[in-house]
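Notes follow the structure.
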Amino acid sequence: MVDDTRLLGRARRGDQEAFSQLFATYQRSLFRYAAYMCGQDAADDVVQDTFLAILRQSGRHDAPVGAIGAYLFGIARHLVMKRIGVPHEQPVDDIEQASDEGDAIEEATVLDDLSRTETVEIVRMAVRCLPEPYREAIVLCELQEMPYAEAAVLMECPIGTVRSRLHRARSLLLAKLAPSPIRRTLEVQR
Amino acid sequence: MNPIDDNSPLSRALRAVRDEDAHMGASPRIETALLAEVRSRARVTRYTRLMTLAAAACLTLVVGGSIWWLRFTNLDAQTTTFTMREVTTDFLPLPYSGVPTSTGRIVRLEVPRRALDSFGLGSAGIVDGRSSDVVLADVLIGDDGLARAVRFVRSTSHQE
């Protein structure tokens, strides 16, 4: 963390090598998060704007408080929410009551019948179709392997809410991956 | 432990997605554009550093020059003050003033204030308005050691 903070300081003073190191460390996870949240084309812009913001904030902060990764994700999330038009602090109750359709049974999926490539493509599509709060929980905690506590800080909600969103997100995914809808989706794609 | 760590089909599928996504990243043009920004910051930093150095040099010159000038003018002022403020009477003859002498020297002494009376200057402050018991006097002494003349001095060191 300290090294990243130093790298950021050097990058802000114009050190290209320091910036490249910082960029290489964080750009992929930021891109993946943004790509799932607002699409691949917008993800490039989110990554660029996030790093621009952190470079240009030297007048306001000599060094960000906490880990650089969390700092970058905070900026990226703010940009993502602006892009998808979601208020930054969405009321938790509204989110939790958004859908009950996904309380499906774990076994009822077509995943075992598909090749790895098909599985990846179908799950990606299903994740992208999730409502924003559940998608964010799945992307951060499952696909980015972010600890719940960090995700809770980033999502500005209690850790219990992160867990419940994840649970709901998995249920919704299972519902989307139920045999008939998936086959229909595949047929439409082909 | 995150749910993805269990072995359900969904968790396995999510792990597969995570592995596949590991290679996803921003397009190279993003890093290029950002490096251009970093380079421009380097130029700004260099310019700022240069300007800071220049400003520091100017400040040093101004402060140093001012100190030098003040010291110089102060010394000059002190010297001038000393010479300007030293007021003397004419040399007044002493009893051996008639004895011829080829050379002589002036010795500055402190003499009792009442010595002024014997030259008709009185102690009322004609030479020195201060109430000190002594006054300064330059005594002209011949090469034979006899005092030929005296003058009374009012100096700044005595006054201030």
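Each chain gets a letter, A, B and so on, in the order its sequence line appears, and its residues count up from 1.
Smallest separation of non-hydrogen atoms from A/Gln48 and B/Ala33: NE2-CB, 3.7 Å. Of all non-hydrogen atoms in A/Thr119 and B/Ala13, the two that sit nearest each other are CG2-CB, 3.6 Å.
With a threshold of 4.5 angstrom between heavy atoms, A/Ser20 approaches chain B through its backbone and through its side chain. Heavy-atom distances place the side chain of A/Phe23, and not its backbone, under 4.5 Å from chain B. Heavy atoms of A/Ala11 lying under 4.5 Å from chain B belong exclusively to its backbone. Contact annotation for A/Tyr26: neither backbone nor side-chain heavy atoms come within less than 4.5 Å of a heavy atom of chain B. When heavy atoms are compared at a cutoff of 4.5 Å, A/Ala35 approaches chain B solely by way of its side chain, counted from C-beta outward. The part of B/Arg29 that comes within reach of chain A is its side chain, from C-beta onward, which places non-hydrogen atoms under 4.5 angstrom from that chain. Looking at B/Glu20, both its backbone and its side chain come within 4.5 Å of chain A, counting heavy atoms on both sides.
Using modelled atom types, no side-chain atom of A/Asp44 and backbone atom of B/Ala26 make a donor-acceptor pair closer than 3.5 Å.
A 4.5 Å side-chain heavy-atom check between A/Leu55 and B/Val38 finds at least one atom pair inside the cut-off.
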Apply salt bridge (charged side-chain N to carboxylate O under 4.0 Å, His left out) to residues A/Arg28 and B/Asp21 and explain how you reach the verdict. CA-CA 9 Å; A/Arg28 288 183 190 282; B/Asp21 287 351; over 6 Å; no
Side chain to side chain contact (heavy atoms under 4.5 Å, CB included) for B/Leu14 and A/Leu173? Distances and angles first, verdict last. CA-CA 10 Å; B/Leu14 286 169; A/Leu173 277 179; 4.3 Å; yes
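Remark: A/Phe51 CZ to B/Glu31 CD distance equals 9.0 Å, nearest 0.5 Å.
Side-chain heavy atoms closer than 4.5 Å link hydrophobic residues (I, L, V, M, F, W, Y) into clusters, and following such links, possibly through other members, connects A/Leu166 to A/Ile159. Note: the hydrophobic cluster containing B/Leu34 also contains B/Met24 (ILVMFWY, side chain heavy atoms under 4.5 Å, direct or indirect links). The cluster map of Ile, Leu, Val, Met, Phe, Trp and Tyr, joined by side-chain heavy atoms under 4.5 Å apart, puts B/Val135 and B/Phe91 in different clusters. Residues A/Ile54 and A/Leu52 fall within the same hydrophobic cluster, defined by Ile, Leu, Val, Met, Phe, Trp and Tyr side chains chained together at heavy-atom separations under 4.5 Å. Put simply, A/Val46 and A/Leu154 are part of the same group of oily side chains (I, L, V, M, F, W, Y) that touch within less than 4.5 Å, one to the next.
For B/Asp90, the CG atom is loosely surrounded, since the number of other residues' heavy atoms within 6.0 Å does not exceed 12.
Classification of A/Glu142 and B/Arg18 as a salt-bridged pair fails, no side-chain N sitting under 4.0 Å from a carboxylate O.
With no hydrogens or angles considered, a side-chain donor-acceptor pair links A/Arg170 and B/Ser11 at under 3.5 Å.
The choice from A/Gln40, A/Arg13, A/Gln144 that makes the most heavy-atom pairs within less than 4.5 Å of chain B is A/Arg13.
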